[in-house]
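To keep things clear, I will list the structure first and then write my remarks on it.
Hydrogens, waters and symmetry mates are skipped; everything else that's a heavy atom, side chains included, is used.
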Amino acid sequence: MKFSRKFLWPLVPFYYLGSLTIKKLYDWGIYKSQSYDFPIICVGNLSVGGTGKSPFVSYLIELLQKDKQLATLSRGYKRSTKDFQLATANSTALEIGDEPLQFKVTHPKTIVAVDANRKNGINQLLTHKPAPEIIILDDAFQHRKVQAGFQILLTAYYNRYTNDCMLPAGDLREPISAAARATIIIVTKCPLDLSNSVQQKIKKQLRPLAHQKVYFTGITYAEDIYGTHTKIKLTHFLQDSFCLVTGIAEPAPLVSHLKNLDAKFTHLNFPDHHVFSQKELDKISTHKRVLTTQKDFMRLQHVTALKNKLFYLPISIQFLNTEEDFKQQVFDFISD
């Protein structure tokens, strides 16, 4: 439970009952889930954010794009458009959302689309030429109208769902029992030196079912930072002070990483997927150099006043162990 929301605890049973009712309606077949005859991989979580879905979707794209035509389908959170939208080279974060734009910019050969109605989005994607051979559903664990064949459930090391409770006092969108739908569970944002004994303790806490495997991953930061047309060494950039701008769910790991490198910076922290006001942009623009996340860069890159002084630091996923086992599970699924 979030201490600051402790007074909301009396409302939790209502959220729990509503979520449980929907779950049972699907389990009993009153509500129908649509299944498909080609591979659909869902990446999601039980909480409202901060588990690292975007870097994990990027990891899956890198893993699968060599041999297959991929598509990603996201909701497109806080976009100005409605219904189905297909990302193009000219799309903006306002039109399709920051994370889908990041997927398209980083992986231009991947078909990237957004639609809050996942069934409609899949049907639209199947009319694309060429049609996708695999679809990755971003943040769709709760969207049971679509039955993904492979469900990847993410939970952050420092905020595991077993230590949380449902909204509004906690961050869970569903009861912990919903984890039973997952094919695999991945503990994200782990310390890279997390011992095997601690991993085993966490596995016991998660209580995976017989068919579920648990994996552990951490975040690694790139040695270079990027602007619109520039790449420079992070160590070189850190020689002078700068402004760090974050609009993500959990900026603490990035802040800690920069502090460990003895960086001197001012931190402007905004809510996840924040839509910057002109006043906020004016404040950011007063700084001579600005570092941000790749997701935030998607929303800030077109600000004229930030031209030539805005950079982002890429991150990537690193498995602590058994990465080959994970890859084999995915390859076995898509080859069935």
Side-chain angles (χ1 to χ4, degrees), residues 49-59 61-62 92-93 98-99 101-108 156-159 188-194 217-320:
T51 58
K53 291 185 300 295
S54 295
F56 205 88
V57 170
S58 289
Y59 173 90
I61 295 172
E62 290 288 344
T92 67
D98 48 21
E99 291 170 342
L101 181 60
Q102 179 180 329
F103 299 150
K104 189 61 181 178
V105 170
T106 309
H107 311 286
Y157 171 77
Y158 291 104
N159 189 28
T188 62
K189 301 184 178 181
C190 298
L192 298 181
D193 59 354
L194 188 67
T217 66
I219 292 174
T220 58
Y221 294 90
E223 296 181 353
D224 298 313
I225 62 172
Y226 296 80
T228 304
H229 303 293
T230 312
K231 180 180 79 169
I232 62 175
K233 288 292 182 182
L234 176 61
T235 51
H236 178 72
F237 182 84
L238 298 184
Q239 290 177 4
D240 296 310
S241 62
F242 60 93
C243 176
L244 174 67
V245 176
T246 57
I248 56 178
E250 185 48 74
L254 173 57
V255 172
S256 178
H257 176 68
L258 293 173
K259 287 183 176 179
N260 288 338
L261 295 174
D262 296 323
K264 298 178 179 62
F265 58 92
T266 300
H267 184 196
L268 297 180
N269 187 26
F270 299 93
D272 197 15
H273 302 282
H274 183 66
V275 178
F276 296 97
S277 68
Q278 188 57 53
K279 183 178 180 180
E280 290 165 341
L281 293 175
D282 290 341
K283 181 178 180 179
I284 295 170
S285 301
T286 61
H287 295 270
K288 293 182 178 180
R289 304 186 313 152
V290 179
L291 183 66
T292 190
T293 68
Q294 190 170 7
K295 183 170 78 171
D296 293 314
F297 187 85
M298 297 298 116
R299 283 174 281 131
L300 293 169
Q301 61 182 325
H302 298 298
V303 178
T304 303
L306 291 175
K307 186 177 180 181
N308 299 325
K309 62 180 179 181
L310 178 68
F311 300 88
Y312 69 87
L313 176 61
I315 63 174
S316 58
I317 295 296
Q318 179 177 325
F319 276 74
L320 273 56

query = Taking C-beta and beyond as the side chain, do Leu194 and Tyr157 meet within less than 4.5 Å on heavy atoms?
reply = yes
task = With rounding to the nearest 0.5 Å, note down the distance linking CG in Leu238 to NZ in Lys264.
result = 9.5 Å
inquiry  = Working note: Phe319 + Tyr59, criterion ring pair (Phe, Tyr, Trp, His ring centres under 6.0 Å); need CA distance, chi angles, decisive distance, verdict.
reply    = CA-CA 11 Å; Phe319 276 74; Tyr59 173 90; 5.5 Å; yes
key: Nearest atoms (heavy-atom pairs only) where Gly218 meets Leu192   = CA-CD2, 3.7 Å
key: Residues Leu291, Phe265; criterion side chain to side chain contact (heavy atoms under 4.5 Å, CB included); working and verdict   = CA-CA 9 Å; Leu291 183 66; Phe265 58 92; over 6 Å; no
ask   = Closest approach of Phe297 and Phe311, non-hydrogen atoms and distance?
value = CD1-C, 4.3 Å
query = Hey, is the main chain of Thr51 close enough, under 3.5 Å, to the side chain of Thr188 for a donor-acceptor pair?
reply = yes
note = Shortest non-hydrogen pair, Ser285 vs Lys309, comes out as O-NZ, 2.5 Å
ask   = Val303 and side chain to side chain contact (heavy atoms under 4.5 Å, CB included): which partner among Asp282, Leu310, Ile284, Leu281?
value = Leu281
task = Kindly compute the distance separating CD1 (Ile317) from CD1 (Ile219), expressed to the nearest 0.5 Å.
result = 6.0 Å
key: For Lys295 against Gly247, the heavy-atom pair lying closest together   = CE-O, 4.1 Å
key: Distance-minimising heavy-atom pair for Ala222 and Leu234   = O-CD2, 4.1 Å
message = Can you tell me how far apart OG1 (Thr246) and NE2 (His274) are? Round to the nearest 0.5 Å.
response = 10.5 Å
request  = To the nearest 0.5 Å, tell me how far Tyr221 OH sits from Gln318 CD.
outcome  = 12.5 Å
request  = Please assess Phe276 against Val245 for the test side chain to side chain contact (heavy atoms under 4.5 Å, CB included), listing each intermediate value before the final yes or no.
outcome  = CA-CA 11 Å; Phe276 296 97; Val245 176; 4.1 Å; yes
ask   = Which pair of heavy atoms, one from His107 and one from Glu62, lies closest together, and at what distance?
value = CE1-OE2, 3.0 Å
task = Give a yes/no verdict on a cation-pi contact between Arg289 and Phe237, requiring under 6.0 Å between NZ or CZ and the six-membered ring centre and an angle within 45° of the axis.
result = yes
ask   = Could you give the distance from CD (Gln278) to CD (Glu280), rounded to the nearest 0.5 Å?
value = 10.0 Å
Partners meeting ring-ring contact (aromatic ring centres under 6.0 Å, His included) with His267 (sequence neighbours left out) = none
key: Side-chain donor-acceptor pair present, Ser54, Gln294, cut-off under 3.5 Å   = no
note = Between Leu313 and the options Leu244, Leu254, Thr292, the side chain to side chain contact (heavy atoms under 4.5 Å, CB included) test singles out Leu254
key: Side-chain touch Ile315/His257, heavy atoms, less than 4.5 angstrom   = no
query = Atom NE2 of His273 and atom CD of Glu99: how far apart are they, to the nearest 0.5 Å?
reply = 4.0 Å
task = Report yes or no: does Lys189 contribute a side-chain atom to a donor-acceptor pair with the main-chain N or O of Tyr158 at less than 3.5 Å?
result = no
